[in-house]
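First comes the structure, then the notes that go with it.
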Amino acid sequence: MLKKVLAVTLFLSGLMFSGGCSEEKAVSEADMSSSSRDVFAMDTFMNMKAYGSNADIALSEAEERILQLEEELSVTSETSDIWAVDHSSGAVVDVSEDTALIINKAIEMGNKTNGALDITLYPVLKEWGFTTGDYKVPDDNTLISLLKNVDYSKVHIAENTVTLPKETEIDLGALAKGYTGDEIMKIMEDNGVSSAIVSLGGNVQALGSKPDGSNWKVSVRDPFAPDTDMCIIEVADKAVITSGNYERYFTAEDGTVYWHILDPKDGYPADNGLVSVTVIGDCGLDCDALSTALFVEGYDGAVDFLRSDPSFDLILVTDDRKIYYSSGIADCFTNISSMEAEVISLD
Ligand code: AMP
Ligand code: MG
């Protein structure tokens with residue numbers, strides 16, 4: 001809980017950085033007025049800030065939408081789409097357009113990342129206790145047996161209906177906040193808001209630039225010291241989404257640390273050289289799916305992905321304390337940590 005409070009505090013302090021990549025412009029008083037809203041949903045403290053005369057209306061609609069999405073996507077609410085799918089015993093289940101769209105994206109991203117993103121890992125996550133906080137290290141036989149039912153390609157989706165094999169269960173935790181951010185941005189735009197920023201846990205999404213025309217300053221946390229910032233990037237109209245091993249973890253009796261992002265290959269916490277992955281792009285849903293998947297894939301897999309799709313930017317932190325960032329953000333990236341930072345080479 002403390003960590004999440006800190007995340008929001010740090011984010012807000014990140015916004016106070018000044019200077020930037022873009023020109024200042026004159027704005028009226030009305031454009032400058034801002035409203036903000038705090039919401040606790042999806043197990044996360046969320047903060048939204050919007051500028052302009054319709055900011056309050058937009059924030060209220062956004063809050064309603066967040067609660068609606070939480071209700072549809074929750075794995076623990078007995079009235080959610082995901083609960084219905086997970087308790088369907090193989091029957092066809094009708095789901096909302098939101099749920100269908102996210103599941104389709106999860107399958108697409110699973111395909112694009114060699115199965116690193118797998119929404120059917122849920123029973124394995126439960127076994128580790130990551131869903132309840134009642135942590136334990138599962139024995140290998142239990143993992144092997146649970147992994148037999150892990151395979152996102154067996155999720156069958158046709159329009160707004162979903163069918164799962166009997167023993168399979170899904171969880172959209174790796175993508176839900178990215179989609180929620182996109183939906184908030186749409187609500188802002190529909191209400192005529194052109195300048196807004198939201199922080200949904202480790203997910204930051206920015207609409208437009210600051211009202212004075214300068215870019216938003218978004219801080220990314222240091223995975224080795226999660227109470228401090230590691231770098232600042234300056235963005236407009238972008239999602240900046242981070243997956244890190246520090247976000248949820250436990251330390252076993254023998255001192256081994258286990259975290260919440262699992263490798264579908266063996267059911268263990270993904271340990272492929274990365275401790276934090278930040279994905280910067282236009283679509284929160286894509287960036288959220290990718291941050292989790294590339295964390296699993298490791299440095300080489302992440303760089304391969306970047307080669308195949310340079311429309312994203314990445315900030316990777318390796319377990320030997322180095323920061324690698326893509327050339328697309330070189331002009332807007334400031335390292336404020338003691339770690340070395342270098343541009344990712346695609347050669
Ligand atoms: P994120 O913070 O977006 O990286 O999402 C992490 C969450 O996604 C975890 O807490 C799990 O609920 C879920 N998860 C963990 N590993 C995977 C994986 N390999 N594929 C899909 N979801 C995962
Ligand atoms: Mg994610």
Side-chain angles (χ1 to χ4, degrees), residues 41-44 65-126 130-131 146-186 200 203 205 239 241 243 260-264 279 281-297 305 309:
M42 302 181 179
D43 206 21
T44 306
R65 183 78 170 118
I66 290 170
L67 298 177
Q68 182 201 0
L69 286 171
E70 177 179 45
E71 175 49 35
E72 287 174 10
L73 304 173
S74 162
V75 271
T76 50
S77 162
E78 297 189 11
T79 49
S80 79
D81 282 354
I82 303 304
W83 179 280
V85 169
D86 284 349
H87 294 81
S88 59
S89 302
V92 181
V93 177
D94 288 326
V95 297
S96 67
E97 275 178 34
D98 300 313
T99 306
L101 190 149
I102 301 172
I103 293 175
N104 272 315
K105 177 60 74 176
I107 296 169
E108 177 196 324
M109 285 301 191
N111 290 337
K112 280 190 182 165
T113 59
N114 309 304
L117 186 79
D118 195 323
I119 53 171
T120 62
L121 269 168
Y122 185 52
V124 185
L125 285 157
K126 275 199 286 193
F130 284 116
T131 52
L146 288 172
L147 283 170
K148 287 187 185 135
N149 299 311
V150 171
D151 182 355
Y152 71 94
S153 69
K154 294 203 177 123
V155 178
H156 181 71
I157 178 150
E159 296 186 350
N160 287 359
T161 65
V162 180
T163 322
L164 287 188
K166 268 193 179 148
E167 304 296 325
T168 303
E169 291 175 79
I170 60 167
D171 145 47
L172 302 180
L175 315 91
K177 280 184 274 161
Y179 180 72
T180 304
D182 291 337
E183 290 300 294
I184 296 171
M185 296 294 121
K186 269 194 216 158
L200 317 179
N203 290 12
Q205 284 183 240
I241 294 188
S243 291
H260 67 132
I261 301 176
L262 303 183
D263 193 329
V279 182
D282 296 331
C283 167
L285 177 58
D286 286 357
C287 291
D288 202 0
L290 276 177
S291 68
T292 313
L294 299 183
F295 185 100
V296 173
E297 287 219 275
F305 185 87
D309 192 343

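All values reported here derive from a predicted model rather than from experimental measurement.
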Go through the steps for Thr99 and Leu73 under the test side chain to side chain contact (heavy atoms under 4.5 Å, CB included), then give the verdict. CA-CA 7 Å; Thr99 306; Leu73 304 173; 3.7 Å; yes
Measure the spacing between [atom1] of [X] and [atom2] of [Y] and express it to the nearest 0.5 Å.
X	Y	atom1	atom2	answer
Lys112	Leu290	NZ	CG	8.0 Å
Leu175	Ile119	CG	CD1	7.5 Å
Leu101	Tyr179	CG	OH	5.0 Å
Thr131	His260	OG1	NE2	13.0 Å
Asp86	Ile170	CG	CD1	5.5 Å
Thr120	Leu117	OG1	CG	9.5 Å

Would Leu69 and Met42 satisfy side chain to side chain contact (heavy atoms under 4.5 Å, CB included), going step by step from the backbone distance to the final call? CA-CA 9 Å; Leu69 286 171; Met42 302 181 179; 3.9 Å; yes
Minimum heavy-atom distance [X]-[Y], with the two atoms named:
X	Y	value
Thr163	Ala91	CG2-O, 3.9 Å
Asp182	Gly284	OD1-N, 2.7 Å
Asp118	Pro264	CB-CG, 3.8 Å
Asn203	Ile241	OD1-CG2, 3.2 Å
Val93	Ser88	CG2-CB, 3.4 Å
Ala293	Ala116	O-CB, 3.5 Å

Find out whether [X] and [Y] are in side-chain contact, i.e. whether some heavy atom of one side chain is under 4.5 Å from a heavy atom of the other.
X	Y	value
Ile82	Tyr122	no
Ile102	Leu285	yes
Leu262	Leu125	yes
Gln205	Ile184	no
Asn111	Glu108	no
Lys154	Thr168	no
Val162	His156	no
Ser243	Ile261	yes

Heavy-atom count check: over 12 atoms from other residues, nucleotides or ligands less than 6.0 Å from Glu167 CD? no
For side chain to side chain contact (heavy atoms under 4.5 Å, CB included), just list the numbers for Phe305 and Leu294, CA-CA rounded to whole Å, side-chain angles, deciding distance to a tenth of an Å, and then say yes or no. CA-CA 8 Å; Phe305 185 87; Leu294 299 183; 3.8 Å; yes
Lys186, Arg65, Lys105 screened by salt bridge (charged side-chain N to carboxylate O under 4.0 Å, His left out) with Asp98, the one that passes: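 Among the candidates, only Arg65 passes.
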Asp171 and Leu121: side chain to side chain contact (heavy atoms under 4.5 Å, CB included), yes or no, with the steps? CA-CA 8 Å; Asp171 145 47; Leu121 269 168; over 6 Å; no
Carboxylate-amine/guanidinium contact Lys126 Glu169, below 4.0 Å: yes
Under 3.5 Å, side chain of Ser77 to main-chain N/O of Ser74, donor-acceptor pair present? no
Measure from the side-chain N and O atoms of Ser80 to the backbone N and O of Thr76, and report whether any donor-acceptor pair falls under 3.5 Å. no
Any chance the side chains of Ser96 and Glu72 put a donor and an acceptor closer than 3.5 Å?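 Per modelled atom types, Ser96 and Glu72 side chains form a pair under 3.5 Å.
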